[in-house]
Asker: 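Below is one structure. I have some questions about it.
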Amino acid sequence: MSEMISEFYTSEEASEILDVSVPHLLTCSRTNRLKSQKEAQKVLFYKQEIDDLKILLSETFSYKELVNIIQKETKNHFLSQTTVKSYALNNNFKFIPNPLNGKDFRFYKKDIHNFLSLFLVNYKPKNSLYEVISTFVGEYKNEFTVIESSRGYHNYQYIKEYCQANALMPLDSSERVLNYIRMVCKEQNISYYCNSLKNDIYIAKNEFSKFEEYHSFLRSINLESYYTNEEIKEMFQLVNTDRIAKYANAFKFKNKLYFEKSKVDEVKSLKDNTIERTKAVEILGIDVSSVTVHMRKLGIEYAENPLSTTIIIWKNDFKILEEHILHLRAIENAPTKFEKFKIETKNIIPKVDIPVTLEAFDNFILERFKSNKTKYVYTNLVNVYKTIIPIMDKEITKYSVNEVELLVNTIWQVVAKEEFSFFIEYCQKHYLMKFKDSLKFKPKELNETMAYTQEQWILFAILLFTEPEKLIEKAIEKRLHAMTWLYCALHYVCGWRASDMYTIPSPSLKLVLDLNEEEVIEHIKTGAFTFEMAQEIVNNVMFQINAFHKKPNKTKKKNIQRLKFVIDDTYVFIIGMLIALCEAHRLQNNRNNKSESIVTEISSKRQHHLDFFGQAYIDIFNEDTFQNNSAVKTFFNFTQTVSSEENWGQAYDIAAILRGHIVNKKSGIPMTTQVYYQHYGKKNNDINRITTALTERGGFSFMSHLLLKTMQEDNEETPYALQEWEEQTKAILDIGSLKPYQIEMMSKGIADYKGRVTKVFRDLMVSHKGEVKEILKKVSLGETPSKMEHSQCLFKSVYRSSCAYPRRENCIGCEFAMNEMYFLIEFNKRLQSLLNDIRNAEYSFDKERYTYSLFYHYMPILQEATHFFGRDRVNTFVKISKKDILNLKDNLAIGKG
């Protein structure tokens, strides 16, 4: 190993020998200009090559040095490098490539005398201006564009006069002027041209403003306020300065880059006062996601890095983060709860000296930890200490009962209030207190969750869903605002626990909308986010919930029930837009922490609600907070109210399904659900009575209810939907022998029949009268009989001798089977609806439209149905007479034109 290393130089040794920087040597190694070997994470260079290169550099001139020598000896400072190189190559002088500089060639010093003698004999300086310009154009011919006409261009003479008047350097010869013009044009990206004779050069007049702006800028700046490119490389140990050049508003002058000092100093300060996140992770000994989580809890944000994608943290913030992590570790490693408590509360300083109180609290918690080892007791004792101790202005023994009650009211947590009452009891027992009254609290009473009032619920809905433009701007600016809005809005579309909302699936914006996060935010900002886009987002979330069988987090280990997520069209735009916005924010803020949810627990805090909604929030809830339990109870209460008004008879089951409650095996109903009800209705619909009725009906009563409603909705003699609860319950129990799946199949069958009839009816409405007559004739005369009595086959009305399912013995389940009864029922429904439209139309245009439909669509069908089915059979289902038609006559001319 040592023998091999003896054949190499280290990077540092080679750097010193060749007088170049280590980074430059490493670049030469990467580009294969110098051979190297990597050993033990170090780059080694071959000794022989480095030594030979050292000799070559000492025995040769650089290309630039050679040109300077020739210019000096010929007293012609305008000789170009190309001219010198051309003379050397044409006379067989050698140029050797320089491995350290791809643009440099080396010329042996021993040949300089012969080359100079030859050059002085053969070189002839240009005399005329045209000859000088022609030579210049020929030398850089690839950079010039030939133009046929000089119209719209400034020529050499004009450009020369402008340059000599405005340049910051002497331009005392044509060669110097030409080189200066080329330099400025290349630096400012200005095109330059020549004529076909190549004896004049031009700049387009519409681009000459760039030329003028450049000189105006040069006259206005002070180069002392700028760093050179070499200074930047030295300052930051860089080989390539392109990235910092863009940030520091660098400009080029005389082929040199200049960097704005103020911008560079900002970058230098950033470098000196920040730490890379990878380094922070290494020091703290935790993963990247944990660093991000702890920073968010502390309100620390990453520093902006204008030069690279490397994530950095301010050193002052890192110090806070490090102290926080060490504090948490100390708590975690504490051997006892008491020591853990003392570490966690060590920074809580009372505003006055209260040694008796502090001693009493220490003794109390020692006793409390012995009697109760649960975590929630420890947590609430910490909450009591952090809340009470900083605001006490005297010893606890000197507080009156009223003053203690004021202290209690500063504690938000109910269990913490109870712990404080235990502390007061302890003090009364062991110290001489100013009062002897008991302050014991009953957490179950205090913790009873009340639903919001109907007014609160509706006012908050108006704030959330009806004026989005007032909230969108704030939600775009800050992720927390968007999460707060979504968290509150979700309570109007689902009955989930807060913990389930925090794990709502996030959609893939690229797959669903074909937009990245920046584009989604821009669409929302500019109003280009559409209802259809919101619907796509909602559909994707619903699909994930169903596909992955999302269960309640609280009971998922023992619960087979799944959560449900169904959104009415009224809420789709806001919910879909907010889910997309929260996902966009999540991706922007946590590109390396993809596991975090689109809504986090912090969105439920009152302070954040106030920050986002402002005074409107206080006007609705006063000192209260919009909480999950209260909101869910209100949501289910409204479900109950609507169910009562619409006679659904299934609100309890809907609530249980939405909440994901477990069904009790004995009773057949989810017992937990009744906790959430507090009915807003009449006294005869109180929750106890409703719950009793639902308990009697059983867990699947809504199926029986739907079946009865479906079967009897058109039967005037048995209006099931209008019956009292007791009568409906009795009817449900009468068909109780049917199993739930049987009821479901019957309901679906009836619905399918009606759906097929509805489709046939829609087709008839746009058919020719002759076609209507033909179909009705076939149905009424039994010309298309099915395999069952009292039903016809629609398939046979087209293919007379065919059957869709020839092997079946009956028509049950066939999509082409149709009962004439359902056709007449459907016709009656649509006819009655049309008549109501005519009666209620405000404008003559609408009346004319509806009247046309009545006489040209409905009446022909009614006539044909009467002819083929018979008047008596039609009158049984279709409730309209000639008198009804005549009564409309007076209305047809009335309207607001």
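Only heavy atoms go into these numbers, but all of them, side chains included; no hydrogens, no water, no symmetry mates.
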Asker: Got a sec: does the CG of Asp272 have more than 12 other heavy atoms crowding it under 6.0 Å?
Answerer: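 Atom CG in Asp272 is crowded, with more than 12 foreign heavy atoms closer than 6.0 Å.
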
Asker: For residues Tyr9 and Asp51, is any side-chain donor paired with an opposing acceptor at under 3.5 Å?
Answerer: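 Side-chain D/A pair, Tyr9 to Asp51: present.
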
Asker: Suppose we screen for side chain to side chain contact (heavy atoms under 4.5 Å, CB included). Which residues come up paired with Lys271, at least two apart in sequence or across chains?
Answerer: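 In terms of side chain to side chain contact (heavy atoms under 4.5 Å, CB included), with neighbours along the sequence ignored, Lys271 is linked to Phe236.
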
Asker: Surrounding CD of Glu301 (heavy atoms of other residues, nucleotides or ligands, distance under 6.0 Å), is the total greater than 12?
Answerer: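 No.
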
Asker: State whether Glu583 and Arg586 are salt-bridged, where the test is any N-O pair (Lys NZ or Arg NE/NH1/NH2 against Asp/Glu carboxylate O) under 4.0 Å.
Answerer: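 Yes.
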
Asker: Side chain of Ser597, backbone of Thr600: donor and acceptor closer than 3.5 Å?
Answerer: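 Pair absent, no side-chain N/O of Ser597 close to backbone of Thr600.
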
Asker: Run through Ile69, Leu66, Asn91 and flag the one making a side-chain contact (heavy atoms from CB on, under 4.5 Å) with Phe115.
Answerer: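 Only one of Ile69, Leu66, Asn91 forms a side-chain contact (heavy atoms from CB on, under 4.5 Å) with Phe115, namely Leu66.
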
Asker: If you take all heavy atoms of Leu270 and Glu304, which pair is closest and at what distance?
Answerer: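 It is CD2-O, 3.6 Å.
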
Asker: Holding to salt bridge (charged side-chain N to carboxylate O under 4.0 Å, His left out), I want the full list of residues that pass it with Lys94, two or more places apart in sequence or in another chain.
Answerer: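 Counting only residues at least two positions away or on another chain, Lys94 forms no salt bridge (charged side-chain N to carboxylate O under 4.0 Å, His left out).
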
Asker: Should Glu522 and Lys525 count as an ion pair when the cut-off is N to O under 4.0 Å?
Answerer: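 Answer for the salt bridge query: no.
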
Asker: Does Pro99 have any side chain to side chain contact (heavy atoms under 4.5 Å, CB included) partners at least two apart in sequence or in another chain, and if so, which?
Answerer: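 Applying side chain to side chain contact (heavy atoms under 4.5 Å, CB included) to Pro99 gives Leu34, Leu53.
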
Asker: Ion pair present between Glu143 and Arg182, side-chain N to carboxylate O less than 4.0 angstrom?
Answerer: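 So Glu143 pairs with Arg182 through a salt bridge.
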
Asker: Pairs in or reaching into residues 271-322: which pass ring-ring contact (aromatic ring centres under 6.0 Å, His included), with residues at least two apart or in two chains?
Answerer: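 Qualifying pairs, neighbours excluded: His294-His324.
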
Asker: List for me each residue that meets salt bridge (charged side-chain N to carboxylate O under 4.0 Å, His left out) alongside Asp19, sequence neighbours excluded, and say none if there are none.
Answerer: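 Scan of Asp19 (salt bridge (charged side-chain N to carboxylate O under 4.0 Å, His left out), adjacent residues dropped) gives none.
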
Asker: Using modelled atom types and a 3.5 Å cut-off, is there a donor and acceptor pairing between side-chain atoms of Glu213 and backbone atoms of Lys210?
Answerer: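 Not at all, since once roles are kept as given, no pair shorter than 3.5 Å links the two residues.
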
Asker: Test: ring-ring contact (aromatic ring centres under 6.0 Å, His included). Region: residues 28-54. Which pairs qualify, not counting sequence neighbours?
Answerer: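 Listed once each, the pairs are Phe8-Tyr46.
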
Asker: So, taking the atom named NE2 in His481 and the one named CE in Met483, what distance separates them when rounded to the nearest 0.5 Å?
Answerer: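 Output value for this atom pair is 10.5 Å.
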
Asker: Residues two or more places apart in sequence or in another chain: which of them pass ring pair (Phe, Tyr, Trp, His ring centres under 6.0 Å) with Tyr158?
Answerer: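 For Tyr158 the ring pair (Phe, Tyr, Trp, His ring centres under 6.0 Å) partners, ignoring immediate neighbours, are His154, Phe208.
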
Asker: Keeping the roles fixed (side chain from Gln544, backbone from Ser506), state whether a donor-acceptor pair exists under 3.5 Å.
Answerer: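 It does hold such a pair.
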
Asker: Filter on ring-ring contact (aromatic ring centres under 6.0 Å, His included), then keep only pairs touching residues 13-40, sequence neighbours left out; what's left?
Answerer: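 Listed once each, the pairs would be none.
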
Asker: Let me know which of Tyr87, Phe107, Phe61 forms a ring pair (Phe, Tyr, Trp, His ring centres under 6.0 Å) with Phe95.
Answerer: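 Exactly one candidate clears the test, Phe107.
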
Asker: Does Lys198, at its NZ atom, have more than 12 non-hydrogen atoms belonging to other residues, nucleotides or ligands within less than 6.0 Å?
Answerer: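 No.
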
Asker: Between Tyr202 and Tyr192, is the ring centroid distance below 6.0 Å?
Answerer: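 No - the distance between ring centres of Tyr202 and Tyr192 does not fall below the 6.0 Å cut-off.
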
Asker: For Phe136, enumerate each residue passing the ring pair (Phe, Tyr, Trp, His ring centres under 6.0 Å) test, keeping only those at least two apart in sequence or located in another chain.
Answerer: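 Partners of Phe136 by the ring pair (Phe, Tyr, Trp, His ring centres under 6.0 Å) criterion, ordered by chain and then number, come out as Tyr140.
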
Asker: Take atom CD in Glu266; do more than 12 heavy atoms of anything else shown fall under 6.0 Å from it?
Answerer: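 Correct, the count exceeds 12.
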
Asker: Step by step, would you call Glu148 with Asn195 a side-chain contact (heavy atoms from CB on, under 4.5 Å)?
Answerer: CA-CA 6 Å; Glu148 298 300 327; Asn195 58 10; over 6 Å; no

Asker: Heavy-atom count check: over 12 atoms from other residues, nucleotides or ligands less than 6.0 Å from Lys510 NZ?
Answerer: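 Atom NZ in Lys510 is packed in, count exceeds 12.
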
Asker: Between Glu477 and Glu473, is any pair of side-chain heavy atoms under 4.5 Å apart?
Answerer: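 Yes, close enough: below the 4.5 Å cut-off.
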
Asker: Would you mind listing every salt bridge (Lys or Arg N to Asp or Glu O under 4.0 Å) that reaches into residues 106-120, with sequence neighbours excluded?
Answerer: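 Found Asp104-Arg106.
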
Asker: Under 6.0 Å from the CZ atom of Phe93, do we count more than 12 heavy atoms belonging to anything else shown?
Answerer: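 More than 12 heavy atoms, drawn from other residues, nucleotides or ligands, come within 6.0 Å of this atom.
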
Asker: Taking side chain to side chain contact (heavy atoms under 4.5 Å, CB included) as the definition, give me every residue that meets it alongside Glu519, ordered by chain and number, with sequence neighbours left out.
Answerer: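 Partners of Glu519 by the side chain to side chain contact (heavy atoms under 4.5 Å, CB included) criterion, ordered by chain and then number, come out as Leu515, Asn516.
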
Asker: Among all residues two or more places apart in sequence or in another chain, which pass the side chain to side chain contact (heavy atoms under 4.5 Å, CB included) test with Thr310?
Answerer: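 Thr310 satisfies side chain to side chain contact (heavy atoms under 4.5 Å, CB included) with Glu276, Asn305, Ser308, Ile312 once adjacent residues are dropped.
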
Asker: Quick one: do the Asn155 and Tyr193 side chains pair a donor with an acceptor below 3.5 Å?
Answerer: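 No, no side-chain donor-acceptor pair sits under 3.5 Å.
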
